[in-house]
Amino acid sequence: MKRILTRMTALLLGILTVLSVPLTAQAEEGYTYNYDYWGDVQYSPDVYSVVGVYTAVDLGLDRNLSLPSGMFVSGNMVYICDTGNNRILEIERVSAEQFAVRRIIEEFRSNGQTDTVTFSGPSDIAVSDDGYLYIADKNNNRIVKLDMDLNYVMEFTKPTDNTFDQSQNFLPNKLSVDSAGRVYCAATNVNRGLIKYEADGSFSGFIGASKVTYDWADYIWKRLATQEQRAQMESFVPTEYDNLYMDREGFIYVCTTNVSENDLNAGTAEPIRRLNMLGNDILVHNGNWDVIGDIYWGDGGGYSGPSLITDITAFDNDVYVGLDKVRGRLFGYDDQGRMLFAFGGNGNMDGYFRLPSALDHMGYDLIVLDSQDASITVFTPTEFGSLIYRAIDEFQAGSYEASGDTWREVMELNGNYDLAYIGIGRSLLRQERYREAMDYFELKWDDDNYSRAYKQYRKEWVEEHIVILFAAVFLVLVVPLAVGKIRKIKHEIDTADIFAGTESGSLPGKNPEQ
């Protein structure tokens, strides 16, 4: 009996072991993914791993965060807008896994440091290169500029300009500051683009208004409707931005959640844009798929509809990452608009979110602020992710051979990673090894780069075989002409001899005296 029980126990343990393997693999497999040329989901090794999730308790705060909405990283400092508590948290990253609150900013000094002023619903913060704090004091209808000692310097208020609706409150929501001290603001209920202020606080206009989109049926109906009906219909106006981020070159990444499924399906939606100083979108779209986050969406788990990019950040190598507030996912793209990775989700486990509201980076580490969970999650690149970034950095630095070798390491970790093949092809293209580059581009259906490589390979081949080509042309064209000419001349000579004998009165075989 004991032997039978032992065998049954071993059998049950074996079954549980077998069943646990695919379940574990599925959980890990579904976290990080990408899309191939055909639009199929390709799971991959994780690009990021979780360093830690930090709440008020972990940070040693006296009370929980309340509806935190804005975040900014400067050096090793993280600034968080604890909006519901009307305060700013200044947090230092002491080590890779340790964070410590250095200062809680709840007020600042004004009027020659005799008065203290508090915030009301601070929604975002930015720190300039020269150390000034710019805080979107939303419910006080202003942007406040402070020095590092929290002394009032100046403020940016509602533009007194005809282009700004004076009947509306000025509700600055998100902001960014350039190296010259100019302020760019995305305000609630402002759909004309970003509000731009000069360093002295003067309003200088709007930049980057998105394109107006409308449906022709609605347009025709508006033309036929009465005034009362038109007043109740939605206006055809540009959409407002949810967030912005200024990269190292001074270009501004903006994102909006005001996108429709119809526009996304038609390819006309622009949830992410990159603006130059003129406000023109210069984002490159060379990927197989639009820069919209998930290319498929459905209903499940209480979530529906497409990805809604609520914040964005960009590294120094022009890789940018968008944060989807619907399903709690992060989407990374290279400077050509190719998706590098997608990961994350909604949930209570580490690496998942309840309602992500802000995103920034420290080096290649990503920091996500969760408004509903009142926490920050810190991610760091895995070996797989570090190799991807290293390959991109080497390529941009001109080390094309090293970049190709690094992409080969990436390919060893994930043989289904399309960008590894394309990265090797691009490195070979820059090394002028065009024929080899064509093979890699062909494997992953990269038509554009294949055409570039083929064009250069064709030119190179012609230059190398120019002597043979001329010889072939000579043989094909000149030699037949020469042979024909010689035959013609010989024919003329032979004909001339016959006619010469006929004119002299002699005939072949006859004596002229007979």
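Just the heavy atoms: all of them, side chains too, but no hydrogens, waters or symmetry mates, feed the values below. Quick caveat, the model's predicted, so the values are computed rather than measured.
For R109 and N151, the side-chain atoms include at least one donor-acceptor pair closer than 3.5 Å. The closest side-chain donor-acceptor pair between Y79 and D360, if any, does not fall under 3.5 angstrom. Side-chain contact, E240 with T256: no donor N or O sits under 3.5 Å from an acceptor N or O. Judged by distance alone, the side chains of S179 and D129 never bring a donor and an acceptor atom under 3.5 Å apart. Side-chain N/O atoms of T163 and D161 include a donor and acceptor closer than 3.5 Å. Side chain to side chain, D446 and N449 meet the donor-acceptor criterion of an N or O pair below 3.5 Å. Side-chain contact check for E107 and T118: no donor-acceptor pair (N or O, by modelled atom type) lies under 3.5 Å. For Y33 and D294, the side-chain atoms include at least one donor-acceptor pair closer than 3.5 Å. Looking at N169 and N141, their side chains never bring a donor and an acceptor atom within 3.5 Å of each other. For the residue pair D373 / S375, a side-chain donor-acceptor distance below 3.5 Å is found, with atom types taken as modelled. Side-chain polar atoms of Q42 and D36 form a donor-acceptor pair below 3.5 angstrom. Remark: the D335 side chain and the Y320 side chain contain no N/O donor-acceptor pair separated by less than 3.5 Å.
For the side chain to side chain contact (heavy atoms under 4.5 Å, CB included) criterion with F99, the lone passing option out of V51, D58, L59 is L59.
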**OP:** Walk me through it: do D46 and T32 pass the test side-chain hydrogen bond (donor to acceptor under 3.5 Å, both in side chains)?
**Re:** CA-CA 5 Å; D46 288 338; T32 303; 2.7 Å; yes
**OP:** Give the C-alpha distance, both sets of side-chain angles, the deciding distance and a yes or no for side chain to side chain contact (heavy atoms under 4.5 Å, CB included) between V127 and Y132.
**Re:** CA-CA 6 Å; V127 181; Y132 287 98; over 6 Å; no
Original post:
After noting the C-alpha distance and the side-chain angles of S202 and D200, does the key distance pass the side-chain hydrogen bond (donor to acceptor under 3.5 Å, both in side chains) rule?
Top reply: CA-CA 6 Å; S202 60; D200 60 1; 2.7 Å; yes
Original post:
Run the ring pair (Phe, Tyr, Trp, His ring centres under 6.0 Å) check on F164 and F203 step by step: do they pass?
Top reply: CA-CA 10 Å; F164 190 92; F203 169 70; 7.4 Å; no
**OP:** Give the intermediate values and the outcome of ring pair (Phe, Tyr, Trp, His ring centres under 6.0 Å) for residues Y364 and Y389.
**Re:** CA-CA 8 Å; Y364 284 128; Y389 289 138; 4.4 Å; yes
**OP:** Evaluate the side chain to side chain contact (heavy atoms under 4.5 Å, CB included) criterion for residues R103 and L150: first the C-alpha distance (whole Å), next the side-chain angles of each, then the deciding distance (0.1 Å), finally the verdict.
**Re:** CA-CA 11 Å; R103 186 165 54 168; L150 306 183; 3.8 Å; yes
**OP:** Starting from the C-alpha separation in whole Å, work towards a yes-or-no answer on side chain to side chain contact (heavy atoms under 4.5 Å, CB included) for T310 and C255.
**Re:** CA-CA 7 Å; T310 189; C255 57; 5.9 Å; no
Subject >> side chain to side chain contact (heavy atoms under 4.5 Å, CB included) evaluation trace for V78 with I367 >> reply: CA-CA 9 Å; V78 181; I367 304 176; 3.9 Å; yes
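Taking the charged nitrogens against the carboxylate oxygens, E383 and R390 have no contact shorter than 4.0 Å, which rules out a salt bridge. A salt bridge links D247 to R274: at least one charged side-chain nitrogen sits closer than 4.0 Å to a carboxylate oxygen. Salt-bridge formation is detected for the pair E106/R63: a Lys NZ or Arg NE/NH1/NH2 atom is positioned less than 4.0 Å from an Asp or Glu carboxylate oxygen. Using a cut-off of 4.0 Å between Lys/Arg side-chain N and Asp/Glu carboxylate O, K444 and D418 are scored as salt-bridged. A salt bridge does not link R273 to D242: none of the charged nitrogens lies less than 4.0 Å from a carboxylate oxygen.
In this structure, the separation between OH on Y241 and CG on N191 is 10.5 Å, given to the nearest 0.5 Å. Atom CZ of R93 is separated from atom CZ of R102 by 14.0 Å, given to the nearest 0.5 angstrom. Taking CG of N243 as the start and CD1 of I312 as the end, the distance is 9.0 Å to the nearest 0.5 Å. Here CD1 of I388 is found 12.0 Å from CG of D393. Values are rounded to the nearest 0.5 Å. Note that CD1 of I104 and CG of D62 are 5.5 Å apart. Values are rounded to the nearest 0.5 Å. Note that the CD1 atom of I105 and the CG atom of D82 stand 12.0 Å from one another [nearest 0.5 Å].
For the pair K196 and Y184, the cation-pi criterion (under 6.0 Å, within 45° of the ring axis) is not fulfilled. A cation-pi contact, defined as under 6.0 Å to the ring centre and within 45° of the axis, is absent between R142 and F156.
K325 NZ: 12 or fewer foreign heavy atoms inside a 6.0 Å radius. Around the CG atom of D130, the shell of radius 6.0 Å holds more than 12 heavy atoms that belong to other residues, nucleotides or ligands.
Judged by distance alone, the side chain of K174 and the main-chain N or O of S123 form a donor-acceptor pair under 3.5 Å. Between the side chain of S357 and the main chain of P68, a donor-acceptor pair closer than 3.5 Å is present. Put simply, the side chain of D178 gets close to the backbone of A180: a donor and an acceptor are under 3.5 Å apart. Of the possible donor and acceptor atoms, one in the side chain of Y333 sits under 3.5 Å from a partner among the backbone N and O of G293. Here the side chain of Y197 pairs a donor or acceptor atom with the backbone of T157 at under 3.5 angstrom. Under the 3.5 Å distance criterion, the side-chain polar atoms of S49 are left unmatched by any main-chain donor or acceptor of T382. Judged purely by atom type and a 3.5 angstrom limit, R248 uses its side chain to pair as donor or acceptor with the backbone of D316. Judged purely by atom type and a 3.5 angstrom limit, D324 has no side-chain atom pairing as donor or acceptor with the backbone of R329. At least one donor-acceptor pair closer than 3.5 Å links the side chain of D370 to the backbone N or O of L355. Between the side chain of D124 and the main chain of C81, no donor-acceptor pair closer than 3.5 Å is present.
Nearest approach of K158 to Q166, heavy atoms of both residues: NZ-O, 3.0 Å. T257 and I309 get closest at one heavy-atom pair: CG2-O, 3.4 Å.
N86 places a side-chain heavy atom less than 4.5 Å from the side chain of P122. Looking at W297 and S304, their side chains never come closer than 4.5 Å, going by heavy atoms from C-beta outward. A heavy-atom distance below 4.5 Å is found between the side chains of M148 and L133. By the 4.5 Å heavy-atom criterion applied to side chains, V183 and Y134 are counted as neighbours. With a 4.5 Å cut-off on side-chain heavy atoms, I91 and I80 count as touching. Using a 4.5 Å heavy-atom cutoff, the side chains of L65 and L89 are in contact.
In this pair, F108 and F119 present their aromatic rings tilted. The plane angle is within the 30 to 60° band.
Between F343 and F341, the distance separating the two ring centers is shorter than 6.0 angstrom. Taking the centre of each ring, Y43 and Y31 stay at or above the 6.0 Å mark.
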